[in-house]
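A, B, ... follow the sequence lines: proteins, then strands. Residue 1 opens every chain.
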Amino acid sequence: MTALDAAWADRWLRECARVLAERREELIDLDRAIGDGDHGENMDRGFRAVVAKLDEARSDSIAAALKLAAMTLMSTVGGAAGPLYGTAFLRASVAAGDRDRLNGPAVEALLAAARDGIVARGKAEPGDKTMVDAWTPAVKAAAAPADGEAALEAAASAAEAGAQATKPLVARKGRASYLGSRSVGHLDPGAVSTSYILRAAVTAAMSEISAGGVA
Amino acid sequence: MTALDAAWADRWLRECARVLAERREELIDLDRAIGDGDHGENMDRGFRAVVAKLDEARSDSIAAALKLAAMTLMSTVGGAAGPLYGTAFLRASVAAGDRDRLNGPAVEALLAAARDGIVARGKAEPGDKTMVDAWTPAVKAAAAPADGEAALEAAASAAEAGAQATKPLVARKGRASYLGSRSVGHLDPGAVSTSYILRAAVTAAMSEISAGGVA
Amino acid sequence: MKKLINDPRAVVEESVDGFGLAHADLVEVHRDPLYVARRGGAVQGKVGLVSGGGSGHEPLHAGYVGQGMLDAAVPGPVFTSPTPDQILPATRAADGGVGVVHIVKNYTGDVLNFETAAELCEAEGIEVRTVLVNDDVAVEDSLYTAGRRGVAGTVLVEKIAGAAAERGESLDAVEAVARKVVANVRSMGLALAPGTVPHVGRPSFELEEGEIEVGIGIHGEPGRRRVGLEPADALTEHLLTPVVEDLGVRGGDKVLLFVNGMGGTPLSELYIVYRRAAQLLADRGAIVERSLVGNYTTSLEMQGCSVTVLRLDDELTTWWDAPVKTAALRWGV
Amino acid sequence: MKKLINDPRAVVEESVDGFGLAHADLVEVHRDPLYVARRGGAVQGKVGLVSGGGSGHEPLHAGYVGQGMLDAAVPGPVFTSPTPDQILPATRAADGGVGVVHIVKNYTGDVLNFETAAELCEAEGIEVRTVLVNDDVAVEDSLYTAGRRGVAGTVLVEKIAGAAAERGESLDAVEAVARKVVANVRSMGLALAPGTVPHVGRPSFELEEGEIEVGIGIHGEPGRRRVGLEPADALTEHLLTPVVEDLGVRGGDKVLLFVNGMGGTPLSELYIVYRRAAQLLADRGAIVERSLVGNYTTSLEMQGCSVTVLRLDDELTTWWDAPVKTAALRWGV
Ligand SMILES: Nc1ncnc2c1ncn2[C@@H]1O[C@H](COP(=O)(O)OP(=O)(O)O)[C@@H](O)[C@H]1O
Ligand SMILES: Nc1ncnc2c1ncn2[C@@H]1O[C@H](COP(=O)(O)OP(=O)(O)O)[C@@H](O)[C@H]1O
Ligand SMILES: [Mg+2]
Ligand SMILES: [Mg+2]
Ligand SMILES: [Mg+2]
Ligand SMILES: [Mg+2]
C-alpha cells in the first residue's frame with residue numbers, strides 16, 4: 001500500500017482510463033440494452049482525454065488532479081454521464097482542499113461530496129436505477145474505517161454490490177426510464193462504471209508503480 | 001387441333017397471361033441477374049390487362065384481338081418490353097389483315113411482321129442477346145410448313161432454342177449491355193418470354209377449351 | 001458495418017467539415033470546440049437561437065442554421081449530447097446583445113450539458129432562456145421517467161421561433177412562441193430496422209424479420225412495444241392516434257402535418273404514410289393547412305418514420321410561412 | 001421485406017396520391033393514366049418541360065414539378081418506364097403552345113416509350129424535342145452498349161432547362177441549354193447495400209459483407225466492378241476520378257459539385273464524401289462554385305451515393321441560381 005497522495009490521485013485517474021478502455025465494449029452493451037449504447041465510448045473518450053491532460057502537466061496536489069479530471073470530463077464525455085461525473089470530480093476536488101494525504105474520514109468526505117454533486121445535478125434518488133445507487137452505498141461504507149485505503153476498499157466493494165443491485169430495479173431517471181418495466185433485469189451502466197472508478201482508486205492505492213509508468 | 005381463327009387468337013392471349021403469371025418469378029430472376037428484375041412483373045401486369053380487356057369485349061377477328069393486345073401492352077407494360085411487344089403485336093395485327101384463319105405462310109408473315117417491328121423500334125441485331133434472338137429463328141422456322149399449326153409449332157421450338165442460345169452471348173442492347181462480358185452465362189429474359197408467348201400460341205391451337213374458359 | 005466513413009471516431013468532424021464546405025454561403029464551422037454558426041456572426045439586436053444535441057440526426061441541427069432559423073448549432077458525438085465548452089462559444093456567437101434562447105431536446109444528457117452551459121453564459125452576462133422540447137408521446141410524462149423525449153417536433157420549434165427572432169421579436173416573445181409550439185406539438189415514431197452507430201459498429205437494437213418497434217426514439221431507444229409488421233395504413237394509425245389524442249385535436253382545428261423519415265426509408269414510403277395520416281385527420285374534421293414530408297430528424301440509417309402534428313393558429317402559421325434560408329429548409333428567399 | 005407500404009402493387013399510386021395531398025399548392029395529380037402536372041396547368045407561351053421514368057427514384061421526377069423546373073412528371077411502376085399513354089396527356093398538360101421538351105434518362109425502356117409518345121404528340125400538333133441524359137461514366141459509351149445511363153445529372157438538366165423555360169426562352173434555346181448541361185455533366189455511383197423493389201420482395205442484388213459495387217446504376221444494375229469496402233476518402237476518389245477525367249476538368253474550371261444519396265445512406269456520410277470530393281477538385285485546380293448534397297435521385301433504400309460534376313459557365317450558373325419552387329428543390333421564391 002502506498003499513501004493516498006497526489007501521486008495516488010494521478011495513478012487513480014490513469015487506472016480509470018485503463019479499466020474503462022478495457023470495459024468499453026461491456027459498458028456499450030449494458031447501455032445498448034436499456035439506453036443508447038454510448039456509455040462505454042463516452043467514458044473511454046473522457047478518461048483518455050484526462051490522461052492526455054495529465055501527461056501535459058503533472059498535477060502537484062490531489063485537488064488539482066481531481067479538478068483537472070472534472071474539467072476534462074465535463075468537456076469531453078457529453079451525454080448524461082459527462083456533467084454528472086464532471087460535477088462529482090469537481091466537488092471531490094473541493095472536498096480534498098489542501099490535504100496532501102487522505103485518511104478514512106477524508107475519503108468519506110470526498111466521496112460524499114461527489115455523490116451530493118451528482119444528486120444536485122441529476123435529481124435522482126436511491127432506487128432510481130442510476131449511478132447514485134453505486135455512490136450511495138459507497139459513501140456509507142467509507143464511513144467506518146479510519147484508514148484511507150480501507151475506506152476506499154469498503155467503498156469500492158459497496159459500489160460493486162450497489163451496481164449489481166440495480167438489476168431488478170425499474171429505471172426512473174435518464175434514458176433507461178423510457179423503458180419503464182422493460183428496464184428490469186439489466187444493470188445500470190453508470191452504476192457499473194462508478195464501481196470501476198472506485199475499484200480503480202483501490203488498485204492505484206495498492207500499486208507501487210510510479211505515476212508515469214501506467215498509461 | 002383447332003383452326004387458327006379469332007377464337008384461337010383470344011385463347012392465345014389468355015394462355016400468354018396464364019403462362020406469364022406462372023413464369024413471373026422465373027423471369028424476374030432472369031432479369032435480376034442481368035437487368036433490373038422487373039421483366040416478369042411487367043409481362044404479368046401487361047397480359048393480365050389484356051385479359052381484362054378481352055373480357056370487356058370479345059374481339060371478332062384475329063386482327064382485332066392482336067391490336068387490342070398491342071394497345072394494352074403498350075399502355076401497361078412499360079420498360080423496354082412494352083413498346084417492343086406492343087409494336088410486335090401491332091404489326092402482327094396489320095399482317096393478319098382481314099384473314100379469318102391462318103395457314104403456314106400467313107403465320108410466317110405475321111411473325112415476320114412482328115419481328116420487323118421489334119427491330120425497327122429497338123435496332124437490335126441477331127446476336128445482341130435480346131428477344132430478337134428468339135424471334136429471328138422463329139420466323140425462319142415458320143417458313144417451311146404449309147399448315148398453320150405446324151408453322152407455329154416449328155416457330156415455338158425455334159424460339160426456345162434461340163432463347164437458350166442467348167446464354168453464351170454478350171449483351172449489346174438494353175440494360176444487360178451495361179454488364180458487358182458479365183452478361184455471359186445468363187439467358188436473356190425477353191428472349192425467354194418470347195419463347196413462352198410463341199409456345200402459348202401452340203397450346204392455344206391444341207386446346208379444345210372455348211375462349212371464355214381459360215383465364 | 002458498411003458505411004461511407006473513414007475513421008469511425010472522426011465521423012462527426014469530417015461530416016461537419018464537408019457541411020461547412022458545401023454551405024459556406026450560409027455557415028461557418030468552428031473547431032476546438034466544434035460548433036456551427038451562421039455566416040457573418042450574430043445579428044446585433046436580434047435574439048439568438050442555439051440548438052444542439054448528439055449527432056446522427058442530420059440535418060438536425062446544423063442544417064437549420066441560417067436566416068430565419070438558428071444562429072448556431074452544437075453537434076455532439078453520435079447520439080451523445082455536446083459539452084458545455086462547445087455550447088458556451090456557440091451561444092456567444094449567437095448573442096446579438098439581447099439574449100439567447102437554447103432549444104433543447106429533453107434528454108438528461110442534453111438538459112444537463114445545456115444547463116451547465118447556461119450557467120457559464122449567465123456568468124458572462126449573456127441572458128439565456130432554455131426551452132425544452134418534449135413532443136414524443138411514446139414516453140409517459142410522469143414522475144417516474146425523465147419526461148417525454150424531444151424528437152422531430154424540434155424542427156418546428158426551431159423554424160417558428162427562428163422566424164419570430166428574425167423579425168426582431170423580444171427575448172420574452174421568442175421564448176413564448178417557442179413554448180407555444182412545444183405546447184401544441186406531438187410526435188410518435190416507429191422503426192422497421194435499426195441504424196448502426198459508427199463507433200459501436202453493431203446495430204443499435206435487434207428486430208426479428210416481421211417485427212417492428214412502435215414508439216421508437218431517435219437514438220434507437222426502445223419504444224412502447226414491439227408488434228408484428230402491418231400495412232402502412234394500420235401503422236400510420238398506430239402513430240397518429242396517440243398523437244392527436246394527446247394533443248386533443250378537434251373538428252375544425254387547423255394543423256401542420258409532418259411525416260419525418262428516420263434516414264433509411266424511401267421518400268415514396270413517407271408519402272404513403274402521409275396519405276393515410278391526412279385521411280385520418282380529415283376523418284376527425286381537422287384541417288391540414290401545412291405539410292412537411294422528408295428526412296428532417298433522422299436516426300442515422302434507421303428505417304422508419306415518425307408522425308408529428310402541430311396545432312396551428314394565425315401566429316404560428318405566419319411564422320411558419322416566413323422566409324427561411326438554411327441548408328435543409330428553405331423558402332421565400 | 002419490411003416496408004411502409006400497403007399493397008406492393010399500389011405503392012406508386014398511393015405514394016403519388018400522398019405527394020399530391022402534401023403539395024397541393026404546387027401540383028395536381030392526374031389518374032388513369034397517372035401523371036403529375038404543375039398546379040394551374042400549362043403556362044401559355046412558355047416552353048413545357050416533361051420528364052418521367054420508373055418510380056423508386058424519389059424525389060425524381062414529381063418532386064421537381066413546379067415553377068422554374070418541370071411542368072409535368074410521369075411516374076412509371078417501380079424501376080419501369082412509364083407508357084406512352086401516360087406521357088401523351090402529361091405532354092398535353094405541359095404544352096403552352098410553343099412546344100415541349102422531353103427530358104429522358106437514357107434507358108432503352110424510357111427512350112422507346114418517350115419516342116412512341118413523341119410521335120403521338122407530333123400527330124396532335126405538339127412540337128416535341130427530346131433530350132437524352134446520359135451522364136453515367138460507369139458505363140462505356142460504345143456501339144456495343146445501349147449507351148451511357150442517365151442518373152443524378154438529370155436533376156441538373158431539369159433545373160437549368162426549367163429556369164430557361166420559365167424565363168421565356170424559345171423551344172430551340174431551352175433544348176440547347178438542356179443539351180449543354182448534358183454535354184457538361186458526368187456522374188458515377190456506388191452501392192454498399194441493395195434496395196428492395198416492393199413487388200419483387202427480395203433485394204435487387206447481393207453483396208457480401210465488406211464488398212461494394214462501384215459504378216452501380218440507379219436500378220441496382222451492376223456496375224464496373226465489385227471491390228472491397230474501403231474508407232470513404234478512397235471510395236470518393238474511385239468515383240470522382242473517372243468523372244473529372246471523362247469531363248476533362250482542368251485547372252481554373254468552375255464546377256458544380258453534387259453528392260447524391262441513393263436513399264438509405266445518412267446525410268452525414270454524404271457530407272464526408274462531399275468533403276473529399278471538394279478536396280480532390282481543389283487539388284486539380286477546379287473551383288467549386290455551387291454545391292448540392294442530399295437524396296435527389298435515389299434507388300429506393302439502397303445504401304450508397306453518386307458524385308456528379310457539372311462544368312459551369314456564366315449562363316449555366318445564372319439558370320442554376322434562378323428561382324425554383326418545387327417540393328424537393330426550392331430557393332429564391
Ligand atoms: N438523472 C440522473 N442522475 C444520476 N445518474 C444518471 C441520471 N441520468 C442518467 N444517469 C446515469 O448516466 C448513465 C448513462 O450515461 P451515458 O450513457 O453516458 O449518457 P446518455 O444517457 O446521455 O447516453 C446511466 O446509466 C445512469 O447511471
Ligand atoms: N433494343 C432492344 N431490342 C430488342 N429487345 C430489347 C432491346 N432492349 C431490351 N430488349 C429486350 O427487353 C428485355 C427486357 O425487358 P424489361 O425487363 O421488361 O424492360 P427493362 O429493360 O426496361 O427493364 C430484354 O431481356 C431484351 O430481350
Ligand atoms: Mg448512453
Ligand atoms: Mg427489366
Ligand atoms: Mg447518449
Ligand atoms: Mg425496367
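In plain terms, the two heavy atoms of L4(C) and C305(D) that are nearest each other are CD1-SG, 3.8 Å. S15(C) and S268(D) get closest at one heavy-atom pair: OG-O, 2.9 Å.
The contact between V333(C) and chain D is made entirely by backbone atoms, counting heavy-atom distances below 4.5 Å. Using a 4.5 Å cut-off between heavy atoms, L229(C) contacts chain D through its side chain alone, with no backbone atom that close. Using a 4.5 Å cut-off between heavy atoms, L235(C) contacts chain D through its side chain alone, with no backbone atom that close. Interface remark: L190(C) contributes side-chain atoms only to the contact with chain D (heavy atom separation under 4.5 Å). At a 4.5 Å heavy-atom cutoff, E13(C) makes no contact with chain D through either its backbone or its side chain. Heavy-atom distances place no part of T298(C) under 4.5 Å from chain D, backbone and side chain included. Only the backbone of M1(C) comes within less than 4.5 Å of a heavy atom of chain D; no side-chain atom from C-beta onward does. V11(D) touches chain C through backbone and side chain together, each having a heavy atom under 4.5 Å away.
Within the model, atoms CD1 of I5(C) and CG of D233(D) stand 11.0 Å from one another, a figure rounded to the nearest 0.5 Å. In this structure, CD in E301(C) is found 12.5 Å from CD in E301(D), a value given to the nearest 0.5 Å.
Using a distance-only test at 3.5 Å, with no hydrogens or angles considered, a donor-acceptor pair links the side chain of K2(D) to the main chain of E211(C).
Between chain C and the residues A277(D), G304(D), S299(D), G210(D), the largest count of heavy-atom pairs under 4.5 Å involves G210(D).
Between H23(C) and Y274(D), a ring centre-to-centre spacing not shorter than 6.0 Å is recorded.
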